[in-house]
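Have a look at the structure below, then the notes.
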Amino acid sequence: MCGTNMVFLRVLFCVIAITCAWLVTAEQVCTYPLGMESGAIPDASITASSISVGFEPYHGRLNGVAGVGAWAARTNTIGEWLQVDLGEMKTVTGTIIQGRSSADQWVTSYKLQYSLDGLNWITYASSDGSEE
């Protein structure tokens, strides 16, 4: 691990999404997910900007089938987000975004942000400096 600081991962969405990430240590690249699919990340660590009734943030897990199988914001507006508290410092090397399995609803674009304090957010950028 890189330290004991809390790290938050926020994904800004247009509509519904699921995310999963991988960990990199200084010694090696790990090939296992952090827990968005398995449930290793607790439901209470997954929050959102708003919630449509029945589409709670913890339903936004990869390959999730509980409830409606997706998180949905109260309104379909740019700037809605799903946030995952990773609990400790981690380096995210990938994400998986998935639409709702039981309906034709999916994300068309998103930004990935991180924070060490949950207040100040930095948007991940590509190697050329553009926001991804």
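Here the structure is a predicted model, which means the values were calculated and not measured. The first residue in the sequence is number 1, and the count goes up from there.
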Q. Taking atom OH of Tyr124 and atom CD of Gln113, what is their separation to the nearest 0.5 Å?
A. 10.5 Å
Q. So which heavy atom on His59 is nearest to which on Gly54, and how close?
A. CD2-O, 3.7 Å
Q.
Quick check for you: to the nearest 0.5 Å, what is the distance between Asn63 atom CG and Ile96 atom CD1?
A. 8.0 Å
Q. Looking at Leu119 and Asp117, what are the two nearest heavy atoms and their distance?
A. N-OD1, 2.8 Å
Q: Return the minimal non-hydrogen interatomic distance between Ser50 and Thr75, and the atom names on each side.
A: OG-N, 4.4 Å
Q) In Å, rounded to the nearest 0.5 Å, how long is the span from CG of Leu62 to CD1 of Ile97? A) 9.5 Å
Q: Supply the atom-to-atom distance Leu86 CG to Ser115 OG, rounded to the nearest 0.5 angstrom.
A: 11.0 Å
Q. Distance-only, no hydrogens or angles: does the Ser49 side chain make a donor-acceptor pair with backbone N or O of Trp81 under 3.5 Å?
A. yes
**Q.** Contacts of type side-chain hydrogen bond (donor to acceptor under 3.5 Å, both in side chains), residue Ser45, not counting sequence neighbours
**A.** none
Q | Heavy-atom pair of closest approach, residues Arg61 and Pro42 | A | NH2-C, 3.6 Å
(Q) Any heavy-atom pair between the side chains of Ile46 and Trp71 that's under 4.5 Å? (A) no
Q | With Ser38 via side chain to side chain contact (heavy atoms under 4.5 Å, CB included) - residues at least two apart | A | Ala40
Q) Once you round to the nearest 0.5 Å, how far does CD of Glu37 lie from CG of Leu34? A) 12.0 Å
Q) What are the two closest heavy atoms between Gly60 and Met36, and how far apart are they? A) O-CE, 3.4 Å
Q. With sequence neighbours left out, what residues match Ser52 under side-chain hydrogen bond (donor to acceptor under 3.5 Å, both in side chains)?
A. none
Q: Hey, could you give me the CG/CH2 distance between Leu116 and Trp121, rounded to the nearest 0.5 Å?
A: 9.5 Å
Q. Distance-only, no hydrogens or angles: does the Arg74 side chain make a donor-acceptor pair with backbone N or O of Val53 under 3.5 Å?
A. no
